[in-house]
Every structure is written in structure tokens, then in C-alpha cells.
Amino acid sequence: MTKDTFPSSTVFHYPILLLLADGKAHKVNDMMSKCVEHLKISEANQNVTTKSGKNKVHSWIRFANQDLSKAGYIEHTKDGYTITSAGMAFLNSHKDGFVAHDMTESESYRKYKNLDENGKHIRKGKKEKTTNQYPAVEQDTAVHSVQEAIEDTQAKSPIEILEELSAHINETLDTTLLEALKGMKADAFERLIKALLVKMEISKSDDCIELTQYVKDDGVDLYVYDNALKMNVVCCIQVKKYTDTAVGLSTVKELGGTLLDKNCKSGMVITTSQFTKGANDYNPSGYNIQKIDGIKLTNLLIQYGLGVKTKRLEVKTIDTDYLNSI
């Protein structure tokens with residue numbers, strides 16, 4: 001996680017279970033302290049709020065507690081949250097960490113999320129997907145948002161509740177988009193990256209970016225040239241569509257070797273996953289190698305409007321100006 005990147009909602013579950021592993025009951029404030037420490041959340045990000053004005057760390061912890069409760073890993077008592085025997089067993093089998101998707105081992109969690117045994121979203125009444133279709137992605141935290149909004153119905157108008165639901169869905173869009181990217185075919189994913197580079201104006205035009213042959217790409221998936229004649233390479237890009245595996249130092253070093261061969265000073269490694277510490281720390285002198293992880297990638301796609309679309313909900317309200325003018 002980079003210094004200014006807010007952690008994904010999928011990574012809060014592990015530090016919460018770590019805290020509860022002492023067998024004691026803990027309040028949400030204890031969980032906030034643990035998550036801030038474990039996830040190295042900067043002071044600035046600790047104060048980030050949702051569009052509805054609620055602390056984002058607190059909201060993500062509430063969502064994680066809901067998931068862990070549905071999985072049968074924690075339970076809520078009058079003294080706070082405690083870990084269950086199933087939760088302790090799950091934590092012991094994932095000592096190196098886990099994300100929300102790993103909880104699909106729990107049958108009750110799969111039922112809650114409407115997932116099959118492979119962790120895929122079950123689309124009721126739909127035919128099986130063909131190889132050309134992308135997997136359906138569930139707005140995982142929408143249920144949390146609905147429940148949160150229901151708690152406040154006494155104090156808020158229906159319009160305010162709808163606005164809050166919209167804000168929560170938008171704030172978790174990066175997580176659901178990332179899952180969709182991981183389900184794409186590799187060649188389609190590379191074409192998406194090319195479209196993003198054009199949108200970002202990293203190249204002068206679409207003609208200045210070349211996709212290499214997918215089967216044998218010599219460690220580079222896209223070349224960016226200084227003009228449409230493709231005379232000089234100005235950037236080499238390696239794309240890694242991983243589900244869970246982190247991109248290691250060897251991949252970044254391989255790209256560094258390609259930059260040397262091509263007499264090119266700039267490169268990128270783009271992944272749906274994360275980078276190991278060694279990969280992140282590797283910055284050869286004289287070369288500029290940008291590393292874009294899954295969170296950065298989804299933020300860029302959302303920013304440039306690729307892979308997302310706007311859904312509009314029409315809501316009728318009273319036009320008092322019109323009624324008063326009659």
C-alpha cells in the first residue's frame with residue numbers, strides 16, 4: 001500500500017481476527033487502533049470520511065465485522081466482539097494473512113454472499129457464461145450500506161438515505177471492479193490497459209502503442225513509441241493479471257533488462273495484485289519504472305471512465321415553487 005492510498009475494504013478482516021485471538025471481548029475502537037497499526041494507515045487517511053460524513057476506517061471495520069459474523073468467525077456480545085472456535089481455526093490456517101475472498105471456505109459466508117463453492121457469484125435465472133463473457137461482480141458492501149441506512153431511518157429522509165447508499169456503493173466500486181478485472185481473459189485485459197494508456201495520454205495516439213504477441217511477448221506486453229511509425233520505444237510495459245500472487249522482484253528486474261536492451265529509460269509493471277517489498281524497492285539508477293498495483297489501477301480506470309458506467313435513479317420530489325405559482 002502506498003503512502004496516500006486508502007486500504008481496500010477486503011483487508012480489514014485479518015487484523016480484526018488477530019486482535020480477537022487473545023480471547024477477550026473488544027470494542028470497535030480497539031479494532032480501529034489495531035487496523036491502523038497493522039495496515040499502516042497514515043494519519044491523513046485515519047481522518048478520511050465517506051461522502052455521508054462518516055469515518056471511512058470505522059465504516060470499513062463495520063463491514064468487515066458483518067462479514068466475519070456471517071462467516072461464523074466472530075460474535076457480538078454485550079461486552080463487544082469475540083472470536084469463535086471456527087474463527088480461531090480459520091485464523092490458525094491463515095497465519096500469513098487473508099482477504100475477504102478467502103472466507104468463502106465458510107458455507108454460511110457463501111450463502112450470505114450468494115457464492116458457489118468456487119467463490120463465484122451465483123446469478124439466479126441466468127444461463128451459464130460463455131468464454132467471451134465477463135463474470136458477474138456483486139456489490140459486496142451494498143447489503144452493509146442498506147443495513148446501516150435502515151438504522152438511521154428515524155433521523156433521515158428517504159432522499160438522504162438514497163444519497164448515502166449511493167455514496168457507499170461508489171466508495172466500494174474499486175473493490176468490485178478489481179474482482180471483475182481478475183476475471184477477464186488475459187488478452188482482453190491487455191487491450192484494456194492499452195485503452196487506459198491512450199486515455200491517460202501516455203502516448204500521442206492509439207497508433208503509438210503496440211500490443212505484443214500474447215503467447216511470446218519476451219517479457220513485455222505493450223510498447224509505447226514516440227510516433228506512429230514506431231521508430232523509437234519510449235516506454236515498455238509488463239502486465240500481470242494475478243488473482244492473489246504478488247509481483248516479485250524478478251519480474252521488475254526482467255523489465256529493467258528489457259529497458260537496457262531497448263535503450264529505453266521508462267517502464268511500467270501493471271498488476272491486479274500487489275508488489276512484494278523487494279519489487280517495490282527496486283529502482284535502478286537512470287531508469288523510471290512505475291509500479292501500478294490493483295488499487296491504483298482501479299482508481300485510474302474509474303477516474304478515466306473505463307470499465308465503469310453511471311446508473312441514474314430518477315427520484316420525484318415536490319416542486320413547491322410550481323405549486324405556489326399556480
Surrounding [atom1] of [X] (heavy atoms of other residues, nucleotides or ligands, distance under 6.0 Å), is the total greater than 12?
X: Gln303; atom1: CD; result: yes
X: Asn263; atom1: CG; result: no
X: Gln46; atom1: CD; result: yes

Side-chain touch [X]/[Y], heavy atoms, less than 4.5 angstrom:
X: Asp30; Y: Lys27; result: yes
X: Leu255; Y: Thr251; result: no
X: Ile270; Y: Leu196; result: no
X: Leu260; Y: Tyr287; result: yes
X: Leu259; Y: Ile289; result: yes
X: Val234; Y: Tyr225; result: no

Exam field: side chain [X] to backbone [Y], donor-acceptor pair closer than 3.5 Å:
X: Thr212; Y: Val220; answer: yes
X: Thr271; Y: Asp293; answer: no
X: Thr84; Y: Gly72; answer: yes
X: Thr104; Y: Arg110; answer: no
X: Asp221; Y: Val239; answer: yes
X: Lys241; Y: Met184; answer: yes

For [X] and [Y], work out which heavy atoms get closest and say how close.
X: Pro284; Y: Tyr282; answer: CD-CE2, 3.6 Å
X: Glu210; Y: Lys230; answer: CB-CE, 3.9 Å
X: Pro15; Y: Cys35; answer: CG-SG, 3.9 Å
X: Gly286; Y: Lys265; answer: O-CD, 3.4 Å
X: Cys236; Y: Lys262; answer: SG-CG, 4.3 Å
X: Lys182; Y: Thr272; answer: CE-O, 3.5 Å

Exercise. Please determine, by modelled atom types, if His94 and Asp102 share a side-chain donor-acceptor pair under 3.5 angstrom.
Key: no
Practice problem: For the residue pair Lys40 and Asn45, confirm or rule out a side-chain donor-acceptor distance under 3.5 Å. | Solution: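 Their side chains do not contain a donor-acceptor pair, so the 3.5 Å distance test is not met.
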Could you give the distance from [atom1] ([X]) to [atom2] ([Y]), rounded to the nearest 0.5 Å?
X: Phe189; Y: Leu297; atom1: CZ; atom2: CG; value: 5.0 Å
X: Phe6; Y: Asp174; atom1: CZ; atom2: CG; value: 10.5 Å
X: Asp67; Y: His101; atom1: CG; atom2: NE2; value: 13.0 Å
X: Leu211; Y: Arg191; atom1: CG; atom2: CZ; value: 8.0 Å
X: Ile193; Y: Gln238; atom1: CD1; atom2: CD; value: 11.5 Å
X: Asn299; Y: Ile295; atom1: CG; atom2: CD1; value: 7.5 Å

Quiz item: Restricting to pairs with a member in residues 5-15, which pass salt bridge (Lys or Arg N to Asp or Glu O under 4.0 Å), not counting sequence neighbours?
Solution: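 Qualifying pairs: none.
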Quiz item: With sequence neighbours left out, which residue pairs that include part of residues 273-289 fulfil the salt bridge (Lys or Arg N to Asp or Glu O under 4.0 Å) condition?
Solution: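 For residues 273-289, and leaving out neighbouring residues, the salt bridge (Lys or Arg N to Asp or Glu O under 4.0 Å) pairs sorted by first residue read Lys277-Asp281.
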Quiz prompt | side-chain contact (heavy atoms from CB on, under 4.5 Å) evaluation trace for Met103 with Phe90 | solution = CA-CA 8 Å; Met103 295 196 300; Phe90 178 76; 3.9 Å; yes
Quiz item: Going by an N to O cut-off under 4.0 Å, is there a salt bridge joining Asp206 and Lys194?
Solution: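 Salt bridge: yes.
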Exercise. Could you tell me if the ring centre of Tyr14 sits under 6.0 Å from that of His38?
Key: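 When the ring centroids of Tyr14 and His38 are compared, they turn out to be within the sub-6.0 Å range.
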Exercise. Start with the C-alpha gap between Asn65 and Val28, add the side-chain angles, then the distance that decides, and say whether side-chain contact (heavy atoms from CB on, under 4.5 Å) holds.
Key: CA-CA 9 Å; Asn65 284 341; Val28 171; 4.3 Å; yes
Practice problem: Could you state whether Tyr322 and Ile318 fall into the same hydrophobic cluster, counting links through intermediate Ile, Leu, Val, Met, Phe, Trp or Tyr residues with side-chain heavy atoms under 4.5 angstrom apart? | Solution: yes
Quiz item: On the ring face of Phe275, is Lys291 found with NZ or CZ under 6.0 Å from the centre and within 45° of the axis?
Solution: no
Quiz prompt | Audit row: Thr176, Glu179, side-chain contact (heavy atoms from CB on, under 4.5 Å) steps and yes/no | solution = CA-CA 5 Å; Thr176 54; Glu179 290 302 312; 5.8 Å; no
Quiz item: Are Leu91 and Leu20 close enough, and set up right, to give a side-chain contact (heavy atoms from CB on, under 4.5 Å), and what steps lead you there?
Solution: CA-CA 10 Å; Leu91 181 61; Leu20 299 182; over 6 Å; no
